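Quick caveat, the model's predicted, so the values are computed rather than measured.
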Amino acid sequence: MGAALTCPSPCPPVATDAGCPPARTEGAGGKVCRLERGSPGHSSEVISPEILKMRAALFCIFTYLDTKTLLRAAEVCKDWKFVARHPAVWTRVLLENARVSSKFLAMLSQWCTQMHSLTLQNLKPRQRGKKESKEDYMKSTRGCLEAGLESLLKATGSNLLILRISHCPNVLTDRSLWLASCYCRALQAVTYRSSTDPVGHEVIWALGAGCRDIISLQVAPLHPCQQPTRFSNRCLQMIGRCWPHLRALGVGGAGCGVQGLASLARNCMRLQVLELDHVAEINQEVAAEVCREGLKGLEMLVLTSTPVTPKALLHFNSVCRNLKSIVVQVGIVDYFKEPHSPEAKKMFEEMVNKLQALRKRPGFSKILHIKVEGGC
């Protein structure tokens, strides 16, 4: 038997909307009477207790619905529409795998004044016209959703705590974070991942100036990235200065080096989760330099498509005493420019075997997780 749905306490007040037809109510003697529009007593629509109870029940249920279902629920009937478009049920908004317009986002903003979580993932622009060149299409759709996003962010303001933007190439740029810094100053968790417009140090500075309470930040560029060096050591240094109380951080890209990582470790002393995505090889020297500056409270280290040596992992485990999990996800393409050659495959297999051998060491069997993509 499934778990019963419980009503959030307290439920939002069930009001009436002016667009409803004349309502009936009980008069003296239990007779049903009707309040007509224009009558002296019709300051607002009066509805029956049964309708009020039904709407209250719908509020309790609709708070569990996702964005797509809420939009459909509004088309069922008048009462469902009233509840489905009440700001109290639009606290978590998720839009993914869809073609949306800026006007659509602006329309949503009228119901999202109490939104605390917004996720935009894999959003696509309008389809390319038959006679439209690729260059013109890319130019006309660049940042095309940002006006609608601004309406959403402005509507929710400081209610927004979580913002996630991922896999929305070209239609949403790092200007999205600049907008968030202007309107949503209570943000606590931010994810921005793009293959076309990775975040730069200017936007990080603006976000840091406007949103000082962020404790979780995921800004590693998506691979392959059209601007692989835009996210650089300067970005890492800026992150450390802006948010010294960070708990979780995901960064990466070809522009990240030992200087930036060391600065980050020195400034973010409370960091508990660190993910490095497509960073240059982490060897023992790099691990020693970074750990010398900080990471003493690190609990989870994730290396995604980041080459790492066994000695580096041993160093992290010996210095970061609170480590509970080390996740290494590598592929042969992370090590070799010609991954299909027999020599590359043989060498990669030897590297993986050395990493796997670490699991036999005391203290590694439970915390080290190795995921290999191809080559073995």
Side-chain angles (χ1 to χ4, degrees), residues 66-67 91-98 100 105 112 115-124 143 145-146 148-150 152-153 156 158-208 210-223 225-227 230-231 235-236 238-240 242-243 245-253 255-256 264 268 271-279 300-306 327 329:
D66 57 48
T67 304
T91 56
R92 299 180 302 275
V93 175
L94 167 62
L95 297 174
E96 61 179 346
N97 305 323
V100 299
L105 297 180
C112 295
M115 177 175 61
H116 64 70
S117 174
L118 173 62
T119 301
L120 305 176
Q121 182 169 322
N122 196 28
L123 298 185
K124 303 173 184 177
L145 298 184
E146 288 171 358
L149 174 62
E150 182 175 7
L152 274 173
L153 298 177
T156 186
S158 294
N159 288 316
L160 193 66
L161 303 178
I162 302 172
L163 175 63
R164 303 186 186 96
I165 300 174
S166 179
H167 295 79
C168 300
N170 202 49
V171 296
L172 289 173
T173 69
D174 61 348
R175 182 175 178 269
S176 303
L177 297 185
W178 179 80
L179 293 172
S181 73
C182 296
Y183 300 110
C184 308
R185 305 213 162 192
L187 278 171
Q188 297 180 7
V190 172
T191 296
Y192 174 81
R193 305 202 62 190
S194 173
S195 60
T196 57
D197 298 275
V199 65
H201 69 272
E202 306 94 338
V203 173
I204 291 177
W205 180 87
L207 186 65
C211 306
R212 304 295 295 176
D213 298 330
I214 293 175
I215 58 175
S216 176
L217 185 66
Q218 304 293 326
V219 288
L222 290 175
H223 186 78
C225 183
Q226 294 181 12
Q227 303 181 62
R230 177 168 169 76
F231 191 88
C235 294
L236 296 175
M238 190 70 68
I239 289 173
C242 290
W243 302 286
H245 303 301
L246 271 180
R247 299 290 195 276
L249 176 64
V251 294
C256 294
L264 189 68
C268 300
L271 202 60
Q272 297 174 349
V273 180
L274 175 62
E275 179 176 0
L276 303 179
D277 190 323
H278 286 88
V279 175
M300 184 175 185
L301 176 64
V302 182
L303 302 172
T304 303
S305 297
T306 297
V327 180
Q329 181 176 327

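- Considering only heavy atoms from C-beta on, Leu276 comes within 4.5 Å of Val251 through its side chain.
- The backbone N or O of Gln218 lies less than 3.5 Å from no partner atom in the side chain of Thr191, so there is not a single donor-acceptor pair.
- Closest approach of Cys256 to Gly252, counting heavy atoms only: SG-O, 3.3 Å.
- The shortest non-hydrogen separation linking Ser158 to Arg185 is OG-N, 4.3 Å.
- Looking at Thr306, its side chain does come within 3.5 Å of a backbone N or O of Val279 through a donor-acceptor pair.
- Nearest heavy-atom pair, Cys225 versus Pro198, reported as atom, atom and distance to 0.1 Å: SG-CG, 3.6 Å.
- How far CG of Asn159 is from SG of Cys112: 11.0 Å, rounded to the nearest 0.5 Å.
- The line from SG of Cys182 to CG of Leu207 is 10.0 Å long, rounded to the nearest 0.5 Å.
- With rounding to the nearest 0.5 angstrom, the CG atom of Leu222 is 9.0 Å from the OG1 atom of Thr196.
- Atom SG of Cys168 is separated from atom CG of Asn122 by 7.0 Å, given to the nearest 0.5 angstrom.
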request  = Check the pair Met115, Leu160 against side-chain contact (heavy atoms from CB on, under 4.5 Å), reporting the backbone distance first and the verdict last.
outcome  = CA-CA 6 Å; Met115 177 175 61; Leu160 193 66; 4.1 Å; yes

key: side-chain contact (heavy atoms from CB on, under 4.5 Å) assessment of Val93 paired with Thr156   = CA-CA 11 Å; Val93 175; Thr156 186; over 6 Å; no

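- Neither side chain, Thr119 nor Glu96, offers a donor N or O lying under 3.5 Å from an acceptor on the other.
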task = Run the numbers on Leu177 and Val199 for side-chain contact (heavy atoms from CB on, under 4.5 Å), then give the verdict.
result = CA-CA 9 Å; Leu177 297 185; Val199 65; 4.0 Å; yes

message = Asp66 vs Leu94, test: side-chain contact (heavy atoms from CB on, under 4.5 Å). Steps then yes/no.
response = CA-CA 7 Å; Asp66 57 48; Leu94 167 62; 5.8 Å; no

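- A distance of 7.5 Å separates CG of Leu105 from CG of Leu123, quoted to the nearest 0.5 Å.
- Side-chain atoms of Cys235 and Arg230, non-hydrogen and from C-beta on, never get closer than 4.5 Å to each other.
- In this structure the side chain of Val219 reaches within 4.5 angstrom of the side chain of Ile239, judged on heavy atoms.
- Between the Arg247 side chain and the His245 main chain, a donor and an acceptor come within less than 3.5 Å of each other.
- Of the possible polar contacts, none joining the Thr173 side chain to the Asp197 backbone as a donor-acceptor pair under 3.5 Å is found.
- Scanning both residues, Arg193 and Pro221, for their nearest heavy atoms gives NH2-O, 3.5 Å.
- A 4.5 Å side-chain heavy-atom check between Asp174 and Phe231 finds every atom pair outside the cut-off.
- Partners of Ser176 under the side chain to side chain donor-acceptor pair (under 3.5 Å) rule, at least two apart in sequence or in another chain, do not exist in this structure.
- In terms of heavy atoms, Leu187 sits closest to Ala180 at CD1-CB, 3.9 Å.
- Counting only heavy atoms from C-beta outward, the side chains of Met300 and Val327 approach each other to under 4.5 Å.
- Taken from CD in Gln226 to OG in Ser194, the straight-line distance is 8.0 Å, to the nearest 0.5 Å.
- Summarising the local packing, NE2 of His167 is surrounded by 12 or fewer heavy atoms from other residues, nucleotides or ligands at distances under 6.0 Å.
- Between Tyr192 and Leu217 there is no side-chain heavy-atom pair separated by less than 4.5 Å.
- Here the closest non-hydrogen pair linking Ala206 and Ser181 is O-CB, 3.4 Å.
- Taking the side chain as every heavy atom from C-beta outward, Leu271 and Trp243 never approach each other to under 4.5 Å.
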